[in-house]
S.K.: 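I am attaching a structure below and will ask some questions about it afterwards.
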Amino acid sequence: MATTHCSTLLHGLSQTPQRLRRRMFVTWTPDQELNQVRQRSGADMKRKLEWYDLVALGVAGMLGAGVFVTTGRAAHDVAGPSVFLSYLVAGTSAFLSSMCYTEFAVAIPVAGGAFSYLRVTFGEFVGYFGGANILMEYVLSNAAVARTFTEYLSQAFGVSDPKLWRVEVEGLPKDYNSLDFPAVALVLLITVCLCHSTKESSIVNIVMTAFHVIFFVFIIVVCFANGNHKNLIQPKGLVPFGVEGVFDGAAIVYVSYLGYDSVSTMAEEIRCPSKSLPIGIAGSVLIVSTLYCLMALALCSMIPYNEILSDASFAAAFRNTVGWKWMGNLVGVGASLGIIASLLVAMLGQARYLCVVGRAHLVPFWLAKVHPSTGTPINATIFLGICTACIALFTDLQVVIEMISIGTLLVFLLVANALVYRRYVKLFDSSDPRPTLLFLALLTSFSIGFSLSWKLNEGNYWGLALFGISTIGITALFHCKMPCHQGGTAEWAVPLMPWPAAASIFLSVFLMASLDKRSFLRFGLWSFLVTLFYALYGVHSAFHAEEMGVERGSTSEGNHVEQSFQKQQQHAKGDVV
C-alpha cells in the first residue's frame, strides 16, 4: 500500500506542469462562490450581524493596534511631528482600497475577502497568492500586537520595563530570545472565545470599542491641554525628515488599517450585506483615520518628537513629561483593552479567510469545516490561534512590521486591479480584455517609475513630471475611450470609475516603494514558499477535488468545472494582471 501511495504521489508531481496550466487561471462565478462553494463547509455561518456591529468591528480592528504600536517609532525615527500627515496619507489610500473592497463584498458576500474577489476575477493562483499574503499579515501582525499588549499591561501596573514580564533565554538570536507568556495567554483566550460564537464576541467588542473611542477622545483632549504648539516645530521643524519622511512614515503606519479587511470577511454573517457592508467598511475607515491623525498630532504637541519612545509612547509621554504616573497607568489600561478588541476582530477575520481557502482545497479541507452548533469555522480558528501564539512567544514587533505593510499593500493593489478588470471586462460577456490589461500594465509601470524617481531623490524632477503626467493621462484616456459597466446588479458600486481604483493602485505602489530592501527580501522569500506550496500541494488537491470529483465521490462537480475550464481557456491569458 505504501508503494502504491508513493507511486501515486510521484505520478501526481510529474503532472504538475499540466495541472498548473489547467488550474492557475480557472475562475468561479459569484453565484458558484455564494452557493456551491460555500456549501462545502457543511453548516452555514449564522447571519446575526447588523451595520453597527460592522462599524464597531472595523473600528476595533484598526484602532487598538495602530496608534499604540506604530506611532512612536514612526514619529521618532521617520516622520517627526508630521506623523499625523503620514496617517492622513495612509488613511486616504486605505479609504480608496476600502471602496474597492466594498463593491466586491456587496456583489460577492462570502467570507473569503480578497481571496474570493481575486479568484473570481483573475483565477485560482492569484486568489491563492492574495489569500496567503493576507493570512501572513494577520498572523504576524496579531502576534506582534499581542506582544505590545504585554508592554502596555506592564504600564497599567506601573512597571516601565516590559522585560520584567518576559523570560529572557540565552542562546536564541536577538529579537527572538524574549519569551512573552502573557501574549500567548491572551491569544489562546481569544481563540477560545471566537470558537464559541461570533455574535456574542461582537457584543463584547461593541462595549469595548465604545469605551475605547471615549478613551481616545479623553487622551486627545488631555494631550492638547498639556501640549505646546512649539513642540510641533522644534527642534527641527514640522517636517524634520522632509516630505520623504511623511511618505516613509505612511508606509510604516499603513499596517494600522489592516482591520477594515476583517469586516469584509464577515459577509456571510450579516443580515443585509448590501446595506451594512458599505457603512461598516467605509465608516470605520473614516472614523479611525480621524482619530489616528488627532492622536498623532496630540502626542507630538505634548512632547518633542526626538523624545518620544518607540515602545508604549503615550504612557511614557505622560509619565516622563508631565509627571502623571497615574495617567501613564490609565493609558496602559486603555491601550491594553484596545489591543484586546483589535486582536478579537483580526482573529475573527483570519479564521474566515483560511476557511474559504480550505473550501477551494488549496489547504487541507478540514480547515473549511463550520461547526453546526456555533456556526463558526472552529478548525481554522484553533489552527491559526496556535500559530499566532507560537509566533507571539518569540518574535519582536520590529522584525515583522514592514513585511506586514508590503503584503497588505500588494493585496490591496491586486484588489484595485481586479475591480477595474471586473467593471470593464468581466461584466461584459464579449469584451476584449487586451485594452484593459494594457491600461493596468501601463498604470502600474508609470506608478513604479514615479515612485522610483521619488525614492532616488537625485533631482529627478523630470522623471516625476513625466511619470506623473503619464499616469493621469493614461487614466483619462481609458476613462474616455472604454465603456464601463455600472456595477451589474449590485446595490452599491464605486463611483467615478476608473479614477478611485487608479488612485488606489498608484498610492499602493508608491507606499510599497517607501519600504526598505530587507522588507522586499523577506517578502520575496515568503512569496517563493507559498508558490512552492501551491505547486506541490494546492494545485494537485484542487485538481483532484474540482476536476475528478474526489470530494463528493462523483464527477458531477468535476464535469461542471471541466466545462467551465474549456470556456475560460480561450480567455486564460486575459485573466493575468
Side-chain angles (χ1 to χ4, degrees), residues 28 30-50 53-54 57 61 104-105 108-117 119-120 124 127-128 131-132 134-135 138-139 142 187-188 190-205 261-273 276-277 280 343-388 538 541-542 545-546 550-553 557:
W28 291 80
D31 182 67
Q32 289 170 334
E33 285 283 343
L34 288 168
N35 297 294
Q36 184 176 344
V37 177
R38 187 172 64 177
Q39 292 172 1
R40 296 174 177 176
S41 291
D44 288 336
M45 299 183 192
K46 310 293 184 182
R47 291 191 177 273
K48 295 183 178 181
L49 302 181
E50 304 288 354
D53 292 302
L54 300 187
L57 287 167
F104 273 114
I108 315 171
V110 294
F115 166 74
S116 295
Y117 311 152
R119 191 164 78 124
V120 301
E124 182 176 277
Y128 162 81
I134 283 287
L135 283 170
Y138 272 122
V139 172
N142 289 344
V187 170
L188 295 179
I190 292 176
T191 299
V192 172
C193 293
L194 294 180
C195 288
H196 176 63
S197 170
T198 301
K199 181 60 179 179
E200 281 68 19
S201 299
S202 176
I203 293 173
V204 173
N205 177 70
D261 176 78
S262 299
V263 178
S264 68
T265 67
M266 300 290 109
E268 290 184 28
E269 298 160 85
I270 304 169
R271 292 186 189 276
C272 185
S276 298
L277 279 167
L343 280 174
L344 183 72
V345 176
M347 291 176 68
L348 269 172
Q350 71 179 17
R352 279 140 188 83
Y353 260 111
L354 187 58
C355 172
V356 178
V357 176
R359 291 174 184 172
H361 297 277
L362 297 173
V363 295
F365 186 68
W366 64 272
L367 292 167
K369 295 299 182 182
V370 172
H371 196 279
S373 61
T374 64
T376 60
I378 191 166
N379 292 343
T381 301
I382 293 173
F383 175 76
L384 288 178
I386 293 173
C387 291
T388 303
S541 177
E546 311 288 12
V550 170
E551 175 192 350
R552 297 184 181 179
E557 186 173 342

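Each residue takes its place number in the sequence, starting with 1.
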S.K.: Using the rule given for side chain to side chain contact (heavy atoms under 4.5 Å, CB included), can you reason through V192 versus L188, listing the C-alpha separation, both sets of side-chain angles and the distance that settles it, and then say yes or no?
M.R.: CA-CA 6 Å; V192 172; L188 295 179; 5.7 Å; no
S.K.: What is the distance from atom CZ of F365 to atom CG of N379, rounded to the nearest 0.5 Å?
M.R.: 11.0 Å
S.K.: Are L354 and P377 close enough that some pair of their side-chain heavy atoms sits under 4.5 Å apart?
M.R.: no
S.K.: Taking all non-hydrogen atoms of both residues, which atom of T191 and which atom of G385 are closest, and how far apart?
M.R.: OG1-CA, 3.5 Å
S.K.: Between L384 and Y353, does a side chain to side chain contact (heavy atoms under 4.5 Å, CB included) hold up when you go through it step by step?
M.R.: CA-CA 11 Å; L384 288 178; Y353 260 111; over 6 Å; no
S.K.: Search all heavy atoms of L362 against all heavy atoms of F115 and return the closest pair with its distance.
M.R.: CD1-CE1, 3.8 Å
S.K.: Considering all heavy atoms of both residues, which atom of T381 and which atom of C195 are nearest to each other, and what is their separation?
M.R.: CG2-SG, 3.8 Å
S.K.: Roughly how far, to the nearest 0.5 Å, is CG of L343 from CG of L348?
M.R.: 11.0 Å
S.K.: For the residue pair S276 and L54, what are the closest heavy atoms and their distance?
M.R.: O-CD1, 3.5 Å
S.K.: Report yes if the side chains of P109 and I270 come closer than 4.5 Å at any heavy-atom pair, otherwise no.
M.R.: no
S.K.: As a quick check of understanding, evaluate side chain to side chain contact (heavy atoms under 4.5 Å, CB included) for V187 and N142, giving each step before the final call.
M.R.: CA-CA 8 Å; V187 170; N142 289 344; over 6 Å; no
S.K.: Set out, in order, the CA-CA distance, both residues' side-chain angles and the distance that settles side chain to side chain contact (heavy atoms under 4.5 Å, CB included) for K369 and I378, then state yes or no.
M.R.: CA-CA 7 Å; K369 295 299 182 182; I378 191 166; 6.0 Å; no
S.K.: For E124 and R119, work out which heavy atoms get closest and say how close.
M.R.: CA-CG, 4.0 Å
S.K.: Which value, rounded to the nearest 0.5 Å, describes the distance between L344 atom CG and C193 atom SG?
M.R.: 7.5 Å
S.K.: To the closest 0.5 Å, what do you measure between CD (Q350) and CG (L194)?
M.R.: 9.0 Å
S.K.: If you look at every heavy atom in G358 and A368, which pair is closest and at what distance?
M.R.: C-CB, 3.6 Å
